[in-house]
Each structure stands twice: as structure tokens, then as C-alpha cells.
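First comes the structure, then the notes that go with it.
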Amino acid sequence: MADIEAIERATVAAVSPEACEELDGWLLPFDGGTVKRAKSAVPLHRSAVDAATLDRIEDRYDSRQVVPALRLADADCFDSLRAELERRHYVQDNPTCVQIGTARQMLQLRQVATGAGSMADVDRAPDDAWAALFLGEGFDPVDGAHRVRSLARAKGSLYASVRENGRTVAAGAMAFGHGWASVHGMRTDKAHRGRGLAGRVLAGLAQAALTAGFERVFLQVDAQNHPALSLYRRAGFTTHWQYRYWQRQQWPG
């Protein structure tokens with residue numbers, strides 16, 4: 001099994017929540033935006049969790065007047081916790097795959113990508129055109145604005161853009177931490193899909209990772225996003241575990 005704790009810490013750092021606490025082997029991020037990874041508690045280890053720990057996690061979220069939410073792997077050790085969450089009126093959604101690959105494997109897309117144009121440009125800060133892509137047709141503008149804010153304030157991240165005629169038509173971001181590079185915020189303009197632009201973004205980020213001295217890469221992708229899963233498979237990524245979000249649907253009492 002991959003280094004679970006390092007990946008979970010790197011994930012939370014990459015989405016840069018407004019605040020974060022540690023409690024009993026869990027990370028508790030807090031954020032007022034729509035990015036679920038930035039506002040759901042996540043365990044750092046695969047071990048059974050008792051109801052008392054869940055009580056303490058709920059207390060921390062309740063104290064901030066935030067609805068408690070957890071990001072929980074589909075692992076057997078959490079069976080009793082899932083049963084307790086259901087008893088407490090939590091609802092699960094968004095099955096998501098945690099996939100692992102390497103920057104060198106990602107570069108296998110380079111030949112395909114450069115056949116349609118150069119690799120994506122990679123910058124140290126997102127520009128207005130990069131941000132505008134998240135607000136365009138086919139994307140929820142409120143969620144897009146929150147994702148731009150979250151990704152833009154992460155320390156040390158890089159931002160990839162494929163630009164055509166003064167517009168950014170494909171984009172992504174890469175964060176670095178805890179021994180891993182990680183891919184986030186992959187987006188392609190609705191009118192330009194099917195042209196291999198996401199491959200150019202991945203190739204640019206892979207080159208940036210190798211330049212920064214990072215070989216191991218992870219990403220997280222919706223389990224139902226079959227085009228993205230196909231792309232990442234071609235880039236050498238494989239699923240190491242799947243998780244779901246659990247959110248409480250009513251307040252105590």
C-alpha cells in the first residue's frame with residue numbers, strides 16, 4: 001500500500017483549507033467553499049475508529065458551526081464506522097479513485113501531446129485566463145471560483161495552461177509535498193475537448209515534477225469520469241484505493 005499518511009497530508013495541503021486541525025490521527029480541514037477535500041475530516045491510517053473519536057470530530061465541526069463531513073476509504077477497517085455514520089444520519093456520495101503513477105510514465109503522453117502542439121506552459125502563479133477557464137461554459141461558476149481560490153493559495157504549486165488565440169483552453173495544477181507531486185484542477189474548455197489538450201497539460205506537469213526532483217505522482221478522479229480514467233490509464237496511473245464523502249444530514253436534536 002502506498003504511503004497513505006503522506007498522500008492525505010499532501011492532499012489537504014494542495015487544496016489549502018482556511019484552517020486545519022489534527023485530532024486522534026485525523027486531519028480536520030475547515031473551509032467555507034465548495035471543495036469537499038478542503039472541508040472533510042480524513043484518517044491518516046487504516047485502523048478501526050470508535051464512536052468516541054467520531055464524537056470528538058463532530059464536536060470540532062459543530063464548534064465552528066460547520067456540518068461535519070468525512071472522507072473515508074472503502075476499507076474493511078472502517079465497516080463499523082460506516083454503520084455508525086448511517087445511524088447518525090450521514091449520507092455518502094462522490095466515489096473517488098486515488099491513483100498513483102510516476103512523472104516518467106506521464107511523459108509517455110508527450111509524443112502524442114507534442115504531435116498536436118507543444119506541452120502546456122507551466123507558471124508559478126495562475127493568471128486571469130487560467131482562472132477564467134474554471135468559470136466558462138460547462139462548469140459551475142460558483143464551484144469554479146472556489147476551486148480557483150483554493151488552488152491558487154496553495155504554497156509552491158505550479159499552474160499549467162494550453163493557450164490558443166489569447167485564451168487558455170486547457171489547464172491543470174500541480175502541488176508538491178510529503179515526497180509527492182500531485183495533479184489537481186484538470187479542466188478543458190468544452191468546445192476544445194477530444195483534441196488531446198489534457199495530455200499536453202499532463203506532459204507539462206510531468207516535466208515540471210521531474211525538474212523539481214519529484215518522481216512519484218498521485219491524483220484523485222471521480223470514479224464515474226470514464227474519459228478522465230482512460231486518460232490517466234494511458235499516462236500510467238492505477239487506482240490504489242477508493243473513497244467516498246460522508247456528510248451529516250441533520251443537526252443533533
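Between L85 and L54, the closest side-chain pair of non-hydrogen atoms falls below 4.5 Å. By the 4.5 Å heavy-atom criterion applied to side chains, K39 and V66 are not counted as neighbours. In this structure, the side chains of R37 and V12 stay at 4.5 Å or more apart for every pair of heavy atoms. Residues P43 and F78 meet the side-chain proximity criterion, which asks for heavy atoms closer than 4.5 Å. With contacts defined as side-chain heavy-atom distances shorter than 4.5 Å, the pair Q207/M119 qualifies. Side-chain contact check for V217 versus I100: every heavy-atom pair is 4.5 Å or farther apart. Put simply, the side chain of R233 does not reach to within 4.5 Å of the side chain of Q99, judged on heavy atoms. At a threshold of 4.5 Å between non-hydrogen side-chain atoms, the residues W130 and V148 count as touching.
Annotation: the span from S182 atom OG to L219 atom CG amounts to 9.0 Å, rounded to 0.5 Å. Taking CG of L70 as the reference point, atom CD1 of I57 lies at 5.5 Å (rounded to 0.5 Å). Atom-to-atom distance recorded for E18:CD and D31:CG is 4.0 Å, nearest 0.5 angstrom. Considering CG of L44 and CD of E5, their distance stands at 5.0 Å, rounded to 0.5 Å. Separation of atoms CG (N94) and OG (S40) is listed at 10.0 Å; rounding is to 0.5 Å. Expressed to the nearest 0.5 Å, how far CH2 of W246 lies from CD of E84 amounts to 11.5 Å.
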Practice item. Could you go through the salt bridge (Lys or Arg N to Asp or Glu O under 4.0 Å) check for R195 and D189 one step at a time? Key: CA-CA 11 Å; R195 296 176 48 206; D189 185 279; over 6 Å; no

Check your understanding: Could you go step by step and tell me if Y232 and L202 meet the side-chain contact (heavy atoms from CB on, under 4.5 Å) rule?
Key -> CA-CA 9 Å; Y232 298 142; L202 287 181; 3.9 Å; yes

Exercise for review: Apply side-chain contact (heavy atoms from CB on, under 4.5 Å) to F237 and L231, showing your working.
Suggested key: CA-CA 9 Å; F237 285 88; L231 170 68; over 6 Å; no

Exercise for review: Any chance you could lay out the salt bridge (Lys or Arg N to Asp or Glu O under 4.0 Å) test for R88 and D55, step after step, and finish with the verdict?
Suggested key: CA-CA 11 Å; R88 298 190 188 195; D55 288 341; 2.8 Å; yes

**Study point:** F139 and F134: CA distance, side-chain angles, deciding distance, ring-ring contact (aromatic ring centres under 6.0 Å, His included) verdict
**Key:** CA-CA 6 Å; F139 301 115; F134 286 74; 7.1 Å; no

Check your understanding: R60 and E22: salt bridge (Lys or Arg N to Asp or Glu O under 4.0 Å), yes or no, with the steps?
Key -> CA-CA 10 Å; R60 295 308 307 142; E22 274 194 57; over 6 Å; no

**Study point:** side-chain contact (heavy atoms from CB on, under 4.5 Å) between H184 and R147, worked out
**Key:** CA-CA 10 Å; H184 304 271; R147 291 183 184 278; over 6 Å; no

**Study point:** M106/V183 under side-chain contact (heavy atoms from CB on, under 4.5 Å): CA gap, chis, key distance, verdict
**Key:** CA-CA 11 Å; M106 287 170 67; V183 175; 4.2 Å; yes

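Counting only distance, with no hydrogens or angles, the side chain of S150 and the backbone of H146 share no donor-acceptor pair below 3.5 Å. Using modelled atom types, one side-chain atom of Q108 and one backbone atom of R234 make a donor-acceptor pair closer than 3.5 Å. Panel note: side chain D140, backbone V142; a donor-acceptor pair is recorded below 3.5 Å. R71 contributes no side-chain N or O that, together with a main-chain N or O of R244, makes up a donor-acceptor pair within less than 3.5 Å. A donor-acceptor pair under 3.5 Å is formed between the side chain of Q249 and the backbone N or O of Q247. At distances below 3.5 Å, not a single donor-acceptor pair connects side-chain atoms of R200 with backbone N or O atoms of V162. The backbone N or O of I7 lies less than 3.5 Å from a partner atom in the side chain of T11, making a donor-acceptor pair.
In this pair, F30 and Y61 present their aromatic rings tilted. The plane angle is within the 30 to 60° band. Between F176 and F214, the ring planes are tilted. Angles from 30° to 60° get that label.
For the pair R46 and A75, the tightest heavy-atom approach, listed with the atom from each and the gap, is CD-CB, 4.0 Å. For the residue pair R82 and L72, the shortest heavy atom distance occurs at CG-CD2, 3.9 Å. When all heavy atoms of L205 and G172 are compared, the closest pair comes out as CD1-C, 4.4 Å. Nearest heavy atoms, P126 versus A152: CG-CB, 3.8 Å. Nearest heavy-atom pair, G177 versus A10, reported as atom, atom and distance to 0.1 Å: O-CB, 3.7 Å. Nearest heavy atom pair, residue V122 against residue A208, reads CG1-CB, 4.1 Å.
Counted by atom type alone, D143 and T34 present one or more donor-acceptor pairs between their side chains at under 3.5 Å. There is no side-chain donor-acceptor pair under 3.5 Å between Q220 and T96.
Under the 4.5 Å side-chain contact rule for hydrophobic residues, L158 and L197 share a cluster. In terms of hydrophobic clustering, with Ile, Leu, Val, Met, Phe, Trp and Tyr side chains grouped at heavy-atom distances under 4.5 Å, V35 and Y245 are assigned to different clusters. Linking ILVMFWY residues whenever their side-chain heavy atoms come closer than 4.5 Å, directly or via other members, places M174 and M186 in the same cluster. Under the 4.5 Å side-chain heavy-atom criterion for Ile, Leu, Val, Met, Phe, Trp and Tyr, L23 and L81 are members of the same hydrophobic cluster.
Atom CG of D93 sits in a crowded spot, with more than 12 heavy atoms from other residues, nucleotides or ligands closer than 6.0 Å. Within 6.0 Å of CZ on R153 lie more than 12 heavy atoms contributed by other residues, nucleotides or ligands.
With salt bridges taken as basic N to acidic carboxylate O contacts below 4.0 Å, one links R248 and D62.
Cation-pi geometry between R56 and W26 is not met: the NZ or CZ atom fails to fall both under 6.0 Å from the ring centre and inside 45° of the normal.
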